[in-house]
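Here the structure is laid out as C-alpha cells; the discussion comes afterwards.
First the proteins, then the strands, lettered A, B, ... as listed; each starts at 1.
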Amino acid sequence: MDFSRRVTELINSVPHGKVATYGQIARLAGNRRGARLVSYLLHSLSEKYDLPWYRVVNRSGKISLKPGYGYELQRQLLENEGIMFGNGDAIDLDKYGWQT
DNA sequence: CATATGACGATAT
DNA sequence: AATATCGCCATAT
C-alpha cells in the first residue's frame, strides 16, 4: 500500500510539461525493480483517482501503448502540454524528463 | 494459499 | 545494433 500511495503522489508531482519514466517513479518510490508495478498501478489507480498517467513513458521516452489502444490519446495529451515528439515517436528525456 | 499478469528495465544473444 | 529472455514485486483472481 505504501508503494502505491507513493506512486500516486509521485505521479501527481510530475510538473506540467514534463514526463517521468516508469523506472524513475519506481526508483523514487523506493523500489528499483518496480517499474512494472508502476504500470500496473497506473492502470488501476488512474481509474480510481485522476492521475496524469499520460506523463509517464518508458525509459526510451516512447509511449508503451500500442497505436489504437491509447497511444494516440497519450501522445495528444502530451503534445497539449507542449511536449514535442522528436524522431517521430520519441520524447527527448534530456529536455522533458522530470528532474532531468 | 497458488498462479497469472503487467503502460518496464536490464542483460544476454 | 536489434531482438529475445529473464527478473521483479504488488494486485487480481
Could you encode protein contacts along nucleotides 5-13 of chain C as a string, one character per nucleotide from 5' to 3', using B for base contact, S for sugar-phosphate-only contact and - for no contact, with a heavy-atom cut-off of under 4.0 Å?
--BBBBSS-
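- Atom CD of A:Glu72 is surrounded by 12 or fewer heavy atoms from other residues, nucleotides or ligands within 6.0 Å.
- One N or O on the side chain of A:Gln24 and one on the backbone of A:Trp98 form a donor-acceptor pair closer than 3.5 Å.
- No more than 12 heavy atoms of other residues, nucleotides or ligands lie within 6.0 Å of CG in A:Asp50, so this atom counts as exposed by the packing criterion.
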List the steps and the verdict of side chain to side chain contact (heavy atoms under 4.5 Å, CB included) for A:Val19 and A:Val14.
CA-CA 7 Å; A:Val19 295; A:Val14 180; 5.8 Å; no
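- Heavy atoms of other residues, nucleotides or ligands lying less than 6.0 angstrom from CD of A:Gln76 number 12 at most.
- Residues passing the salt bridge (Lys or Arg N to Asp or Glu O under 4.0 Å) test with A:Arg36, sequence neighbours excluded: none.
- One distance of note links CG of A:Leu42 with CG of A:Leu51; it measures 7.0 Å at 0.5 Å rounding.
- Residues from residues 59-71 of chain A lying near DNA chain B, meaning a heavy-atom separation below 4.0 Å, are A:Arg59, A:Ser64, A:Leu65 in numerical order.
- A:Tyr54 and A:Tyr69 sit in two unconnected hydrophobic clusters of ILVMFWY residues. Membership requires side-chain heavy atoms under 4.5 Å apart, directly or through other members.
- The distance from atom CD of A:Gln24 to atom P of B:dA10 is 12 Å, rounded to the nearest whole Å.
- Computed from coordinates, the A:Arg32 CZ to B:dA10 C1' distance equals 8 Å when rounded to whole Å.
- Going from atom CG of A:Leu77 over to atom C1' of B:dA7 covers 14 Å, rounded to whole Å.
- Rounding to whole angstrom units, CD of residue A:Glu72 and C1' of B:dA7 are separated by 16 Å.
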